[in-house]
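Encoded as structure tokens, the structure appears first; notes follow it.
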Amino acid sequence: MIITDVRKRRGRLYQLYLDGEPAVTVDAAAFDESPYRMGGRIDDDQLRELLEAGSRRRAREKALYLLSMRDHSRGELEQKLRQTAGAQAAEETAARMEELGLVDDEAYARRLARDLLARKHYPRRRLAQELTGKGIDHALAEEAAAEAMEEAETDDGQQALELLRKKYYNRLYDENARRKTAAALARYGFGGDAV
């Protein structure tokens with residue numbers, strides 16, 4: 001196939017025309033760094049390699065952008081990258097970010113557990129659930145939740161009291177409101193003893 005035209009598209013993309021027909025959209029930087037030019041030849045394997053290089057480049061750029069906004073776990077970062085890049089590019093990029101030290105699940109889990117404990121007054125079980133929801137390994141989430149509770153020198157009962165003082169302070173005066181508050185605490189993740 002012969003590259004008969006290269007046209008700029010929205011963002012950082014080029015539309016390649018092969019043998020006079022519009023064929024594919026490729027990452028502009030990946031194309032510019034490649035040996036291919038207008039009038040040159042490209043076969044199917046070379047085109048696939050060019051598309052994969054563009055996908056890896058977009059994944060890397062998006063990962064750096066996401067990490068500049070806030071910390072992410074490796075699993076969360078990989079999941080977000082899969083939306084714009086392929087699964088393989090997302091996995092490779094997340095692994096590379098971890099190698100570079102830009103992603104550290106252990107530090108992220110500990111920091112998030114302390115933050116959720118202080119701001120939201122979550123019980124230990126809910127802390128672990130929130131962390132696993134962010135892509136943290138279950139064992140690490142349990143460990144980080146326990147460590148955060150120990151550092152704060154608190155337990156589920158004290159967290160429930162803090163939440164009552166913060167959010168439900170005016171619902172403790174009649175029986176119906178107390179029942180609704182107890183149900184809300186149970187939905188929040190507190191066990192029967194703490195409620």
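These numbers come from the heavy atoms of this one structure, side chains and all, not from hydrogens, waters or symmetry mates.
- Within a 6.0 Å sphere centred on CD of Glu153, other residues, nucleotides and ligands contribute 12 heavy atoms or fewer.
- Residues Lys134 and Glu130 have side chains not in contact (no heavy-atom distance under 4.5 Å, counting atoms from C-beta outward).
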Walk me through it: do Arg96 and Arg60 pass the test side chain to side chain contact (heavy atoms under 4.5 Å, CB included)?
-> CA-CA 9 Å; Arg96 181 68 179 141; Arg60 199 170 44 249; 6.0 Å; no
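- Checked against salt bridge (charged side-chain N to carboxylate O under 4.0 Å, His left out), Glu49 has no partners two or more places apart in sequence or in another chain.
- The two residues Ile136 and Ala141 have their closest heavy-atom pair at CG2-N, 3.8 Å.
- A distance of 12.0 Å separates CG of Asp104 from CZ of Arg74, quoted to the nearest 0.5 Å.
- Remark: Glu61 engages Arg12, Arg57 in a side chain to side chain contact (heavy atoms under 4.5 Å, CB included) (not counting sequence neighbours).
- In this structure, Ser55 contributes its side chain and Leu51 its backbone to no donor-acceptor pair below 3.5 Å.
- With values rounded to the nearest 0.5 angstrom, Gln79 atom CD is found 8.5 Å from Arg82 atom CZ.
- Residues that satisfy the salt bridge (charged side-chain N to carboxylate O under 4.0 Å, His left out) test with Arg41, not counting sequence neighbours, are absent from this structure.
- Heavy-atom minimum distance, Ala53 versus Ala30: C-CB, 4.2 Å.
- By the side-chain hydrogen bond (donor to acceptor under 3.5 Å, both in side chains) test, Glu147 pairs with Arg110, sequence neighbours left out.
- With contacts defined as side-chain heavy-atom distances shorter than 4.5 Å, the pair Leu127/Met149 qualifies.
- The structure places NE2 of His72 at 11.5 Å from CG of Leu112, a figure rounded to the nearest 0.5 Å.
- For Asp105, the salt bridge (charged side-chain N to carboxylate O under 4.0 Å, His left out) criterion is met by no residue, not counting sequence neighbours.
- Here Leu102 sits in one hydrophobic cluster together with Leu64, Tyr65, Leu66, Leu67, Met69, Leu77, Leu81, Met97, Leu100, Val103; the rule is ILVMFWY side chains under 4.5 Å apart, joined directly or through other members.
- Rounding to the nearest 0.5 Å places CD of Glu52 at 13.5 Å from CG of Asp27.
- For residues 1-24, the ring pair (Phe, Tyr, Trp, His ring centres under 6.0 Å) pairs, not counting sequence neighbours, are Tyr14-Phe31.
- The shortest non-hydrogen separation linking Ala63 to Thr93 is CB-CG2, 3.7 Å.
- From Asp137, atom CG reaches atom CD of Glu143 across 10.0 Å, with rounding to the nearest 0.5 Å.
- Taking CG of Leu117 as the reference point, atom CZ of Arg124 lies at 11.5 Å (rounded to 0.5 Å).
- The minimum heavy-atom distance between Lys80 and Lys62, with the atom names listed, is O-NZ, 4.0 Å.
- Residues passing the salt bridge (charged side-chain N to carboxylate O under 4.0 Å, His left out) test with Arg10: none are found, sequence neighbours excluded.
- Considering only residues two or more places apart in sequence or on other chains, Asp71 meets the side-chain hydrogen bond (donor to acceptor under 3.5 Å, both in side chains) condition with Arg111.
- For Glu175, the side-chain hydrogen bond (donor to acceptor under 3.5 Å, both in side chains) test picks out Arg178, with sequence neighbours left out.
- Sorted by first and then second residue, the ring pair (Phe, Tyr, Trp, His ring centres under 6.0 Å) pairs involving residues 120-149 (not counting sequence neighbours) are Tyr122-Tyr188.
- Of all the heavy atoms in Ala59 and Ala89, the pair that sits closest is CB-O, 4.1 Å.
- Among residues two or more places apart in sequence or in another chain, the side-chain hydrogen bond (donor to acceptor under 3.5 Å, both in side chains) test is passed with Gln129 by none.
- A pairwise comparison of heavy atoms in Glu78 and Ala90 identifies O-CB, 3.7 Å as the closest pair.
- Between Glu151 and Arg114, some side-chain heavy-atom pair lies under the 4.5 Å cut-off.
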